[in-house]
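We name chains A, B, ... by the order of the sequence lines, and we start the count at 1 in each one. Computed from a predicted model, the values in this text were never measured in an experiment.
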2 protein chains.
Amino acid sequence: MVKNTGRPGYLQIADDLRTQIRGGSLAPGTPLPSTAQLAEQYDASLSVVKMAVGILRNEGLVIGQQGKGVFVADAGEAPAGDELADLRATVQDLSVRLAKVEEQLATSTTPRSGRSNQ
Amino acid sequence: MVKNTGRPGYLQIADDLRTQIRGGSLAPGTPLPSTAQLAEQYDASLSVVKMAVGILRNEGLVIGQQGKGVFVADAGEAPAGDELADLRATVQDLSVRLAKVEEQLATSTTPRSGRSNQ
DNA sequence: GTGAGCAACATAGTTAACCTAGTTGGCTTG
DNA sequence: CAAGCCAACTAGGTTAACTATGTTGCTCAC
């Protein structure tokens with residue numbers, strides 16, 4: 001696969017997967033083959049497959065879960081307006097949670113737990 | 001640059017450039033600094049910069065011309081869907097980061113709160 | 001039988017290296 | 001002087017390797 005038309009391989013793979021998803025060949029919730037399997041299937045390198053999956057992930061078509069796999073999202077079925085409302089709700093939820101966290105940090109006087117982030 | 005806020009470097013750079021473009025700091029038609037310059041400016045590797053530029057290119061915010069450079073596209077060409085995808089990504093990122101902070105607070109202090117996160 | 005520990009496998013991110021191809025400007029040559 | 005060549009710089013694509021982190025299943029000790 002990934003015949004050498006002028007189109008880059010990672011775009012070809014992304015296109016193919018996108019077609020399968022939109023065509024219903026890959027139903028929502030279905031896990032995609034693993035990166036290694038896709039690489040073998042398309043006769044491409046792991047990097048190219050990762051780039052292709054990254055594109056679909058960025059588009060919201062698939063959702064990658066570290067340690068588990070990449071699953072087909074419910075994209076296409078969710079209208080944009082719905083998503084906007086959902087985003088608003090999520091932002092509101094985040095605001096509340098963040099306020100709580102900030103309050104905990106403020107009230108806990110000198111939390112002597114050396115939590116270095118590095 | 002590209003501080004370790006948990007957010008991947010290529011997303012941070014893409015965000016920064018996107019902000020500069022939307023903010024008018026980089027006017028349409030303006031060429032972006034070259035890949036090497038951006039890499040030095042953000043203190044990142046060439047690969048990360050290329051990924052960041054690739055995202056913006058995919059979003060239609062910039063247009064790369066091989067041999068010449070990467071130029072800011074006209075503002076009108078970018079559909080609104082891009083911003084929605086960007087918002088979605090940002091919200092997802094915030095959710096993950098906030099969840100981690102909450103987890104740290106829950107484990108370091110009295111672990112009395114049941115987290116229902118799914 | 002249950003739980004802890006571990007190995008294997010998964011995505012995700014980063015880096016480095018190499019190659020292709022287009023553009024540009026300077027230099028050489030006729 | 002002009003045409004053509006060439007070196008340098010550019011974006012773009014590909015590959016390989018490494019690290020980090022999360023999940024899962026198996027094994028082994030208790």
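Closest to the side chain of B:V53, from the set D:dG12, C:dG13, D:dT15, is D:dG12. Nearest nucleotide to the B:S34 side chain, out of C:dT14, D:dT10, C:dT11: D:dT10. Residue A:K68 has its side chain nearest to D:dT23 when only C:dT24, D:dT23, D:dG12 are considered. Distance from the side chain of A:S45 is smallest to D:dA16 among D:dA16, C:dG13, D:dT10.
Remark: side-chain polar atoms of B:T30 are not paired, donor with acceptor, to backbone N or O of B:L26 under 3.5 angstrom. Panel note: side chain A:E40, backbone A:Q37; no donor-acceptor pair is recorded below 3.5 Å. A donor-acceptor pair under 3.5 Å is absent between the side-chain atoms of B:Q65 and the main chain of B:V70, judged by distance alone.
Here the P atom of nucleotide D:dA11 and the CE atom of B:M51 are 17 Å apart, to the nearest Å. Look at CD1 on A:I55: it is 14 Å from P on C:dG13, rounded to the nearest Å. For B:Q66 and D:dG13, the CD to C1' distance is 9 Å, given to the nearest whole Å. At whole-Å resolution of the value, CD in B:Q65 and P in D:dC9 are 20 Å apart. If you take CG of A:L38 and P of C:dT11, they are 8 Å apart, rounded to a whole angstrom. Rounded to a whole Å, the CD1 atom of B:I13 is 13 Å from the C1' atom of C:dT15. Regarding B:I63, its CD1 atom lies at a distance of 18 Å from the P atom of C:dG22, rounded to whole Å. Going from atom CG of A:L46 over to atom P of C:dG13 covers 16 Å, rounded to whole Å.
Contact annotation: the side chain of A:M51 never approaches that of A:L11 to less than 4.5 Å [non-hydrogen atoms, C-beta and beyond].
The two residues A:D74 and A:P28 make their nearest non-hydrogen contact at OD1-CB, 3.1 Å.
Between B:Y10 and C:dT14 there is no side-chain N or O to OP1 or OP2 distance below 4.0 Å. Put simply, A:R7 has no side-chain N or O that comes within less than 4.0 Å of OP1 or OP2 on D:dG13. The shortest distance between the side-chain N/O atoms of B:K50 and the OP1/OP2 oxygens of D:dA11 is not below 4.0 Å.
Nucleotides of DNA chain D nearest to B:L32 and A:G67 differ in position, and the one nearer the 5' end is that of B:L32.
Within 4.0 Å of B:S47, counting heavy atoms only, lies at least one base atom of the nucleic acid.
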